[in-house]
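Atoms considered below: every heavy atom in the structure, side chains included; atoms not considered: hydrogens, waters and symmetry mates. This one's a predicted model, so the numbers in the text were calculated from it and none came from an experiment.
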Amino acid sequence: MNVLRFRRAALAVTAAAVLPLALSACGGDDGKKDSSASSSEATPPASQSSTGGSASDDASMTDKPFGAACASVPKDGAGSFDGMAKDPVATAASNNPALSTLVAAVKKAGLVDTLNNAQNITVFAPTNDAFAKIPKADLDKVLNDKATLTKILTYHVVGQKLTPKQLENGSFDTLEKGKVTTAGSGTAYKVNDSANVVCGNVPTANATVYIIDSVLMPK
């Protein structure tokens, strides 16, 4: 009988000692889970950025050709962006139907070789609609006056490749020896405060082209 009482007492002591340890272990696991959960909630996923990436998005917008008129450029062939990038600027322009009047004027002025052989230039290229803004009688007169035509066309050429960033607030010497000014940001730019860039940052083999909606007139 005494032996039985001793065994019962020993079991009770053992249970009393083990139970707090088991509860403590369970409580420790819950604490770790809570800590882990709060830590994951406090730390945003690596893919999220506090800046939203807007700066890089703005930069990428002007790494390639931009502007509403770019949509009319052929998707493939010599007149596409890839095709124009392989040819010197006068040749590249001749493959773009929207620049046919400009190309005809360049040929009349005898500037094809000059433009094709120049290195690292920028051309502000008026569209056919830009030339159409000039009264026909005045345009015909200019097209038949080589000296005046050359003066006007070379005023559209800058002797360095210009990035969209440089156009934000720029003043540049032209081959005509005059100056053009540029202003704007993002994908909206003006030249001489009058002509809008409708398709910009177009690469050719030797030039960067900004297609504009008005003919620039030297002062």
Side-chain angles (χ1 to χ4, degrees), residues 62-67 69-70 73-74 77-131 134 139 142-184 189-192 194-219:
T62 53
D63 283 344
K64 297 178 180 180
F66 62 85
C70 291
V73 174
S80 67
F81 290 129
D82 287 341
M84 292 176 70
K86 297 173 183 176
D87 291 323
V89 63
T91 302
S94 69
N95 293 318
N96 187 328
L99 301 177
S100 59
T101 305
L102 172 63
V103 171
V106 168
K107 289 178 178 179
K108 274 185 170 288
L111 293 173
V112 172
D113 289 341
T114 299
L115 294 178
N116 277 349
N117 292 327
Q119 294 300 314
N120 299 320
I121 60 174
T122 293
V123 176
F124 294 103
T127 62
N128 295 344
D129 290 341
F131 280 100
I134 302 173
L139 180 58
V142 168
L143 290 174
N144 289 301
D145 183 342
K146 187 174 180 178
T148 300
L149 183 59
T150 298
K151 183 179 179 68
I152 292 173
L153 293 176
T154 54
Y155 183 66
H156 288 74
V157 182
V158 172
Q160 61 177 306
K161 282 189 177 182
L162 300 177
T163 65
K165 184 70 176 175
Q166 289 174 284
L167 299 188
E168 290 182 358
N169 183 20
S171 177
F172 308 100
D173 294 328
T174 70
L175 297 191
E176 181 270 336
K177 306 303 183 186
K179 282 185 178 293
V180 293
T181 59
T182 58
Y189 298 92
K190 279 186 175 291
V191 185
N192 283 1
S194 59
N196 296 293
V197 174
V198 294
C199 183
N201 206 32
V202 179
T204 72
N206 67 324
T208 298
V209 177
Y210 291 90
I211 300 174
I212 56 178
D213 64 358
S214 296
V215 178
L216 306 175
M217 293 296 179
K219 298 176 181 179

Starting from the C-alpha separation in whole Å, work towards a yes-or-no answer on side chain to side chain contact (heavy atoms under 4.5 Å, CB included) for Phe131 and Leu139.
CA-CA 8 Å; Phe131 280 100; Leu139 180 58; 3.9 Å; yes

Using the side chain to side chain contact (heavy atoms under 4.5 Å, CB included) rule, take Leu153 and Leu102 through it: C-alpha gap first, then chi angles, then the decisive distance, then the call.
CA-CA 9 Å; Leu153 293 176; Leu102 172 63; 3.8 Å; yes

Test side chain to side chain contact (heavy atoms under 4.5 Å, CB included) on Lys108 and Asn144; report intermediate values, then the result.
CA-CA 8 Å; Lys108 274 185 170 288; Asn144 289 301; 3.9 Å; yes

Is there a side chain to side chain contact (heavy atoms under 4.5 Å, CB included) between Asp87 and Thr204? Walk through the geometry before answering.
CA-CA 6 Å; Asp87 291 323; Thr204 72; over 6 Å; no

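Of the inter-residue distances, the one linking Gln119 atom CD with Lys161 atom NZ reads 8.0 Å to the nearest 0.5 angstrom. Interatomic distance, Thr163 OG1 to Asn201 CG, rounded to the nearest 0.5 Å: 8.0 Å. One finds the CD1 atom of Ile134 at 10.0 Å from the OG1 atom of Thr101 (value rounded to the nearest 0.5 Å). The OH atom of Tyr189 sits 11.5 Å away from atom CZ of Phe124, with the distance rounded to the nearest 0.5 Å. The distance from atom CZ of Phe81 to atom NZ of Lys86, rounded to the nearest 0.5 Å, is 14.5 Å.
For Lys107, there are no side chain to side chain donor-acceptor pair (under 3.5 Å) partners, not counting sequence neighbours. For Asp82, the side chain to side chain donor-acceptor pair (under 3.5 Å) criterion is met by no residue, not counting sequence neighbours. Residues meeting the side chain to side chain donor-acceptor pair (under 3.5 Å) test with Thr91, sequence neighbours left out: Asn116. The salt bridge (Lys or Arg N to Asp or Glu O under 4.0 Å) test applied to Lys190 returns no partner, not counting sequence neighbours. In this view, Asp145 and Ala147, Thr148 satisfy the side chain to side chain contact (heavy atoms under 4.5 Å, CB included) rule, not counting sequence neighbours.
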For residues 210-219, please give each side-chain donor-acceptor pair under 3.5 Å, one per line with the distance, not counting sequence neighbours.
unit_1, atom_1, unit_2, atom_2, d
Tyr210, OH, Leu162, O, 2.7
Asp213, OD1, Asn196, N, 2.8
Asp213, OD2, Asn196, ND2, 3.1
Ser214, OG, Lys133, NZ, 3.0

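Phe172 has its side chain within reach of Gln166: a pair of non-hydrogen atoms, C-beta onward, lies under 4.5 Å apart.
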